[in-house]
Structures are given as structure tokens and as C-alpha cells.
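Every chain is numbered from 1 and lettered A, B, ... according to where its sequence line falls, protein lines coming before strand lines. Side-chain atoms are counted along with the backbone in the values below, which use heavy atoms only and exclude waters and symmetry mates.
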There are 2 protein chains.
Amino acid sequence: MQGEENLSRRLREKIAHRQEILEAAKRVFARKGFHAATVDEIAQEADFSKGAMYVHFANKEDLFLSLIQEKTEELGERLEEVVHSADDLENKVRKFVKTYLDAFDEDKEFFQIIAAEHPRLTAQTQDRLQLRLRERYLETLRLVDEMMQEGIHQGRLRQTEPRFLGITLLGIIHSFTAQWLLLGRKDPLSRMESLIVELFFGGARDNRKVGSRKGEKDVSP
Amino acid sequence: MQGEENLSRRLREKIAHRQEILEAAKRVFARKGFHAATVDEIAQEADFSKGAMYVHFANKEDLFLSLIQEKTEELGERLEEVVHSADDLENKVRKFVKTYLDAFDEDKEFFQIIAAEHPRLTAQTQDRLQLRLRERYLETLRLVDEMMQEGIHQGRLRQTEPRFLGITLLGIIHSFTAQWLLLGRKDPLSRMESLIVELFFGGARDNRKVGSRKGEKDVSP
DNA sequence: TACTTTTGACTGAACAGTTAGTCAATGACT
DNA sequence: AGTCATTGACTAACTGTTCAGTCAAAAGTA
């Protein structure tokens with residue numbers, strides 16, 4: 001009885017410590033990037049010795065990838081859920097954007113890391129964790145492709161390579177997150193949801209039906 | 001007479017060598033990124049010794065920033081030129097996009113470096129070169145802001161913060177360059193010019209005036 | 001319960017590999 | 001001869017990783 005309870009106490013503490021290290025690592029990696037961050041600094045931030053790092057993780061890269069994988073997997077799954085639960089294309093896109101922006105507001109440090117390290121993460125590698133991450137990224141890309149393909153077939157999106165429309169949507173989203181990170185804006189990015197969706201579907205052109213102002217030529221091609 | 005000619009020959013050679021080093025460095029930085037690239041490897045690629053690096057550049061970072069600055073400055077100036085030389089908003093945007101995409105097709109390695117290192121480049125710093133780079137980036141951002149502001153005042157763009165429209169345009173462009181780099185596509189990105197411009201102005205929605213297909217609801221809000 | 005033994009997370013210091021940067025010597029060109 | 005670009009061995013510092021030793025908690029024993 002007591003034995004089992006005590007054992008689980010040790011385990012719970014270990015897991016908690018692992019989590020503390022991961023959170024410290026997230027802060028340091030977000031500040032410095034993978035290469036410039038040192039194991040020493042992470043250990044210090046987590047208030048453990050350097051050796052303790054290697055109880056929980058095989059090496060620095062393993063620590064880094066473990067950190068990213070959890071969130072990536074979770075976000076990827078959430079995105080698939082919300083997209084598949086919506087019936088209408090416009091709702092799918094709207095929910096996709098909302099989910100992404102909410103995740104950003106919840107954990108900017110994670111997106112800071114991703115923004116800086118994405119090229120490395122999608123590079124070729126033998127590492128299992130990194131392969132899985134790459135796969136996860138491609139799955140999300142495929143999810144967006146599906147959405148676009150569907151929209152094109154329904155005649156609701158312009159007739160192009162679905163991937164190009166996907167790139168466009170993701171590009172707009174990433175550009176907003178990057179801007180929020182660059183300027184250190186504290187207001188929630190989720191407030192941009194409808195603007196982003198409208199810009200994606202309708203573009204930047206003013207579509208209001210008003211009499212033209214002075215000196216304007218007709219814009220439509 | 002002869003002396004002056006000889007002096008200039010030496011100078012010309014020195015300048016040429018500097019250029020060779022810069023080009024070798026570009027290849028290595030594009031492959032490895034700033035941190036993972038070593039001065040030894042750059043020297044080897046340039047077919048010089050490591051010591052020769054330090055004749056031309058104060059240190060590794062100076063080499064890196066010099067490399068980027070030249071192109072950045074040139075691209076920034078070219079963008080300002082073409083934008084200011086066009087009269088119409090749509091032409092400004094079109095030329096902006098074309099100039100950017102052409103520059104990408106001309107030198108993908110440069111954009112590979114920028115894509116990977118942009119967060120570091122816009123970070124806070126004391127370094128003079130890096131400060132100048134950050135300033136150059138902000139100037140281009142301002143250029144885009146101006147374009148958008150003008151379009152908004154003319155009633156040709158939707159009434160929002162000009163910066164948001166700028167983010168959108170740049171986001172779409174960057175997303176396409178990133179995709180081209182990720183997949184190693186060899187076909188010129190400049191072929192995407194009109195698609196990108198149309199997506200920016202008109203969005204992803206299909207605007208053709210055709211009878212709706214089966215099972216479609218009206219999409220417009 | 002009182003004791004001994006075992007476990008294993010954790011420490012801290014040492015290790016080993018790497019790499020940016022230096023400099024005395026070399027050699028080529030004027 | 002004098003100047004200057006170039007070399008490449010060297011240094012100094014940094015940093016990821018290891019490991020013998022520590023100690024509190026868990027398990028075993030009577």
C-alpha cells in the first residue's frame with residue numbers, strides 16, 4: 001500500500017521536475033535560439049544542476065525537440081478537429097485561423113521558437129523526433145490543402161493549385177504572428193481573426209459599393 | 001606611372017578576393033546557417049586560409065552582416081525606385097512584387113539566409129551594421145505602409161491600419177519564397193507574380209460570374 | 001515499529017571536442 | 001629592399017557530455 005503510494009510520489013516529482021526543465025528551456029530557447037542557448041543557462045533557469053538535464057533528456061537536441069513536439073502535436077490535432085467538425089468552407093477557415101491565433105496568444109514563446117527555428121526543423125535529418133515533427137508539419141499542410149481543394153471544387157475558391165491558396169492563408173497568419181512578436185505587442189492576436197479571414201477570402205481591395213471619390217479611375221481589371 | 005598602375009592592380013585583387021570570400025560565405029551560410037557555419041569551412045570554400053578572412057573582416061559576424069547588407073541595401077533601393085516610379089497603386093504593388101520575386105530568382109541563397117536568420121537580424125543589438133540592417137528593413141516596411149496608406153485614402157483598399165495590409169502582402173510573398181526554398185523548386189518564382197497580386201487585391205474567393213454549381217449556398221457575407 | 005539496505009535523482013567537477021581569433025614566418029610582387 | 005597579402009600552427013575560451021559520489025526517500029527485515 002504505502003510502497004505503491006511512495007513510488008508514485010517519486011515518479012510524480014520526477015515528472016514535475018521534467019516539466020520545470022522544459023518550461024525553463026522554453027524561455028531560454030525563445031530568448032536565444034537553439035544554438036546560442038547553453039545547457040548551463042537552461043539548468044540555471046530551471047534551478048537544477050547541469051547533470052540533472054541528462055537524467056531527463058539524452059542531449060540538448062532531444063530536450064529541444066521534446067519541448068516542441070508536445071505543442072506541435074497538440075496544435076496539429078486541434079486544428080484537424082476544428083476543421084473536420086465544421087461543415088462549411090468559410091467556417092473551416094475561420095475556425096482554423098481562430099484556433100491558430102488562440103494558440104499563439106496562449107503561448108507566444110513557443111511560436112517565437114518555431115518562427116526562428118522552422119527552417120532547421122524542416123531540414124533533412126535522421127533524428128526520429130525531428131522526422132516526426134516534419135511529418136506533423138506536412139500533415140497540417142495537407143489539412144490546409146484539403147480545405148482548399150474542397151473549396152475549389154465547390155467553385156467557391158479561384159481555380160488554382162490548392163497549395164498556392166494554402167500558402168497564402170498560412171503566409172498571412174505567420175506574417176501577423178511575426179509582427180506581433182517583433183513589436184512585442186501585448187494585445188491578443190485573436191482580435192485579428194475576422195480581418196485575416198476577410199483578407200484571405202476577399203483580398204485587400206475595397207469592395208464597398210460607394211460612389212467613387214474624386215480623381216479615381218476604375219480599379220477592376 | 002607604373003607605380004600607380006601596380007597599386008591599383010593590388011587593390012583590384014584585394015577587392016576581388018574579398019568578393020570571393022563573400023560569395024563562398026554566402027554558400028556556406030545558406031547551407032548551414034550562421035551558427036553552424038565555421039570560419040574554417042568558409043575559408044576552405046573560398047580557397048583561402050582562415051587568417052585571410054581576418055584581413056577583410058573584423059570577425060565572423062562582420063563577415064556575415066557585410067554579406068547581407070550589400071544585397072539588402074540594393075534590394076531596398078530597387079524597391080523604392082520601382083514603387084516611386086509607378087503612378088498607379090496597382091502598378092506599384094505589381095512592380096514591388098515583380099522586383100522582389102526577380103531578386104529571389106536571381107539569388108536564392110541570399111533569401112535562404114534571410115529566411116533562416118531574420119529573427120536574429122531584427123533583434124535588439126548594439127552592432128552598427130546590424131542596426132543599419134534593422135533600419136533598412138523598417139524603411140522597406142515604411143515604403144509598403146506608404147503604398148497602402150495611399151490606396152486606402154484613394155478608396156481602393158479596405159479601411160484598415162495600412163500596416164495590416166502591408167503585413168498581408170509581405171506575408172504572401174514570404175510564404176511563396178519559403179515554399180520554393182523548402183521544396184527546392186527550380187522554376188522561376190516570378191511566374192507567380194500575377195497570382196500573388198491578384199490574391200492580395202482580390203483574395204482567394206472565386207469571383208467569376210457563373211451560375212452556381214449544385215449544392216452551393218451563397219458565400220457572400 | 002526500529003533498523004538496515006537499496007535505489008536513483010541529483011550534484012559538481014572534470015573531460016573532450018570544437019572553434020573564433022592571433023601572429024610570427026613566408027613568399028610574392030613592385 | 002620593402003611592402004603587403006597570405007599562411008597555418010597556436011591559443012584561449014566555450015560548451016556539450018560524462019561520471020563518481022551524495023543523500024533523502026523507498027523497500028526490505030525482524
**Within the 6.0 Å centroid threshold, strictly below: B:Y100 and B:F176** = no
**Spacing between B:Q44 atom CD and C:dA20 atom C1', to the nearest angstrom** = 16 Å
**Prompt:** Thinking salt bridges, do B:R205 and A:E90 make one under a 4.0 Å N-O criterion?
**Reply:** yes
**Geometric cation-pi criterion, A:K60 with A:F34: 6.0 Å, 45°** = yes
**Asked** Hey, does A:A37 reach any base, or is it just sugar-phosphate, or nothing, if we go heavy atoms under 4.0 Å?
**Response** sugar-phosphate
**Prompt:** Hey, is A:K92 close enough to A:E146 for a salt bridge, meaning N to O under 4.0 Å?
**Reply:** no
**Complete:** B:H35 atom NE2 is separated from C:dT18 atom P, nearest whole Å, by 17 Å
**Prompt:** Taking 4.0 angstrom as the limit, do A:R136 and A:E139 come out as a salt bridge?
**Reply:** yes
What are the atom names and distances for every N/O pair under 3.5 Å that joins the protein to nucleotides 6-11 of chain D?
{"from": "D:dT6", "atom 1": "OP1", "to": "B:H17", "atom 2": "ND1", "distance (Å)": "2.3"}
{"from": "D:dT7", "atom 1": "OP2", "to": "B:S49", "atom 2": "N", "distance (Å)": "2.7"}
{"from": "D:dT7", "atom 1": "OP2", "to": "B:S49", "atom 2": "OG", "distance (Å)": "3.0"}

**Prompt:** Roughly how many Å is it from OH in B:Y54 to C1' in C:dA24, rounded to a whole number?
**Reply:** 18 Å
**Asked** For A:E73, does the CD atom have more than 12 heavy-atom neighbours from other residues, nucleotides or ligands under 6.0 Å away?
**Response** yes
**Asked** Given atom CD1 of B:I42 and atom P of C:dG21, what is their separation to the nearest angstrom?
**Response** 11 Å
**Prompt:** Is the shortest distance from a Lys or Arg side-chain nitrogen in A:E135 or A:R142 to a carboxylate oxygen in the other one below 4.0 Å?
**Reply:** yes
**Request:** Please determine if A:K26 and A:E70 form a salt bridge, counting it only when a charged side-chain N lies under 4.0 Å from a carboxylate O.
**Result:** no
**Request:** Specify the residues of residues 57-67 of chain A, ordered by number, for which at least one heavy atom lies under 4.0 angstrom from an atom of DNA chain C.
**Result:** none
